[in-house]
Number of protein chains: 2
Amino acid sequence: MISANKQLKNTHALDDDNTLSGRTTVALREAIVNGSIQAGEKLNEPKLAEQFSVSRGPLREAIRRLVSMGLVEHKPHVGASVVTLEPKKIAQLYELREALEGLAARLAASRMNHDEIAELRHLLEVHRQHCENNAGEYMQAEGDFDFHYQIIKGSGNPLLVHQLCDELYHLIRMIRFQTSRFKSRPKRALIEHEQLLFALENRDPELAELLMRRHISRAKHSIIEFLSTEE
Amino acid sequence: MISANKQLKNTHALDDDNTLSGRTTVALREAIVNGSIQAGEKLNEPKLAEQFSVSRGPLREAIRRLVSMGLVEHKPHVGASVVTLEPKKIAQLYELREALEGLAARLAASRMNHDEIAELRHLLEVHRQHCENNAGEYMQAEGDFDFHYQIIKGSGNPLLVHQLCDELYHLIRMIRFQTSRFKSRPKRALIEHEQLLFALENRDPELAELLMRRHISRAKHSIIEFLSTEE
DNA sequence: TCACCCCATATTGTTGACAATATTGATATC
DNA sequence: GATATCAATATTGTCAACAATATGGGGTGA
């Protein structure tokens, strides 16, 4: 979480929201993402409020924010529960991600400055080190997120950054946790990152978009295949 | 609003939310979209609560939901205010819309069934009638929305539908209201819709995506140009 | 045995009061 | 006259009690 959170701090309006509501949102979000609260589980307001040591007011606001992020579903007079990520929904999410990150990569190829691209290369090298040192799935995932975050931020479109980093990415993180027994092709991903970086360094928007879309499409197929063979 | 709202009812989780919070969200949203509450204006909780005849609780939840839709900005301990849509932000919004609706059109070309396509043709003809009868900018805008809604829903990706119809589209509607003195090229848009429908009827995903992206890109240029020549 | 209804219970929705924080305007000082 | 400080005010954040609605179980009747 270390490195990715540092990234998140720069984009998330939440992390400089020091109110109870803001902190509760982050806490509840992380509990859902890392599976402390399981997929499909009902969110009982009085219980959760006590767990987080807040009253129901801030907790309800937190739940509402997570609803808008797609992590939680809510029915009037019935209550909220954590979403369940069946393969169909995961495929839809990746469809969306492909379009949005494809756009991000295209824009980043034109708009990132030299320092940002240098930082990206640095991230890639650090990531490669981790993988070579067999540093485990955890660092692998974080390195991957950092790389994607940097490109998204490089798009120079705050609205796009918000949609991806603040909303969709927590769903992706949740999927990652739920499928973490599955080692997600670290070598191939690294090669694809390398190619992508090449396109960005050469200021080639079309190629950057193509490679990013392909990269995400492959990740999607890889996860879907894993899920279908599992049970 | 008539026809578009009917469409909205089918997608919006809000419209079957008969709680005070849900109704207040819709009311506040419309007040912002149609300019009753101006861009940049501060949202004073006690005042608004009284205006809508609710207490601050439901009103705060409504505000939070509009924040997540991008209609409102919020700073901790300071308050919420309506977003201001300067040209730069509008351009970013259209960048996003181009990618997302392009995706929607591509998916719709494969996934829409015959009835849905027939309905789309029907909408187009009604729209054409309105334009020929000089029925005014209002019906023009609504007809345009209906057409786009139908395609988005035809994408068969609920997550995409949500992102576009529940979140981004209210921002677009807000822009429409603010720039309504500007007659938005009704004839050309109609022709572009016609071409798009042709691609859908022929089950041509690539062409559908291309035409949709171009359609939105042109709308963007048209609005940006209008805004830059205005003041 | 099954289906239905009704009541007790649990849970969500809403409210008004209280606490914490920011804004402001007035005063004092340079 | 300009700037800084501080207090009064307004506004947001939080809480706990109350109201409205859904859930679940026991009982009744077919």
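In this text the structure is predicted, and so the values were computed from the model without any measurement. Computed from heavy atoms alone, side chains included, the values below leave out hydrogens, waters and symmetry copies.
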Subject >> N-O pairing of A:Arg29 and A:Glu167 below 4.0 Å >> reply: no
On the nucleotide [N], are OP1 or OP2 found under 4.0 Å from the side-chain N or O atoms that [X] carries?
| X | N | answer |
| --- | --- | --- |
| B:Lys42 | D:dT12 | yes |
| A:His74 | C:dT11 | no |
| A:Arg56 | C:dT12 | no |
| B:His77 | D:dA10 | no |

Figure out the [atom1]/[atom2] separation between [X] and [N], and round it to whole Å.
| X | N | atom1 | atom2 | value |
| --- | --- | --- | --- | --- |
| A:Asn18 | D:dT14 | CG | C1' | 15 Å |
| B:Leu43 | D:dG13 | CG | P | 12 Å |
| A:Asp17 | C:dA22 | CG | P | 12 Å |
| A:Arg60 | D:dG13 | CZ | C1' | 16 Å |
| B:Glu50 | C:dT15 | CD | P | 13 Å |
| A:Glu61 | D:dG13 | CD | C1' | 8 Å |
| A:Lys75 | C:dT11 | NZ | C1' | 16 Å |

Original post:
For B:His170 and B:Arg173, does a side-chain donor sit closer than 3.5 Å to a side-chain acceptor?
Top reply: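 The answer is yes; a qualifying pair exists.
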Original post:
Does any donor atom in the side chain of A:Asn157 or A:Ser155 lie under 3.5 Å from an acceptor atom in the other side chain?
Top reply: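 No.
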Heavy atoms only, 4.0 Å cut-off, all strands: where does [X] land among base, sugar-phosphate and nothing?
| X | value |
| --- | --- |
| B:Gly57 | base |
| A:Leu59 | nothing |
| A:Lys47 | nothing |
| A:Ile63 | nothing |

Subject >> Of A:Leu20 and B:Asn44, the one whose closest DNA chain D nucleotide lies more 5' >> reply: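 So the residue in question is B:Asn44.
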Subject >> Residue whose nearest DNA chain D nucleotide is more 5′ - A:Pro58 or A:Val78 >> reply: A:Pro58
Subject >> Proximal nucleotide (of C:dG13, D:dG13, D:dC15) relative to the B:Thr19 side chain >> reply: C:dG13
Original post:
Given D:dG13, C:dT12, C:dT14, which nucleotide is nearest the side-chain atoms of A:Pro46?
Top reply: C:dT12
**OP:** Assess A:Arg176 against A:Phe145: is NZ or CZ under 6.0 Å from the centre of the six-membered ring, and within 45 degrees of the ring's axis?
**Re:** yes
**OP:** For the residue pair A:Leu168 and A:Gln163, establish whether any side-chain heavy-atom pair is separated by less than 4.5 Å.
**Re:** no
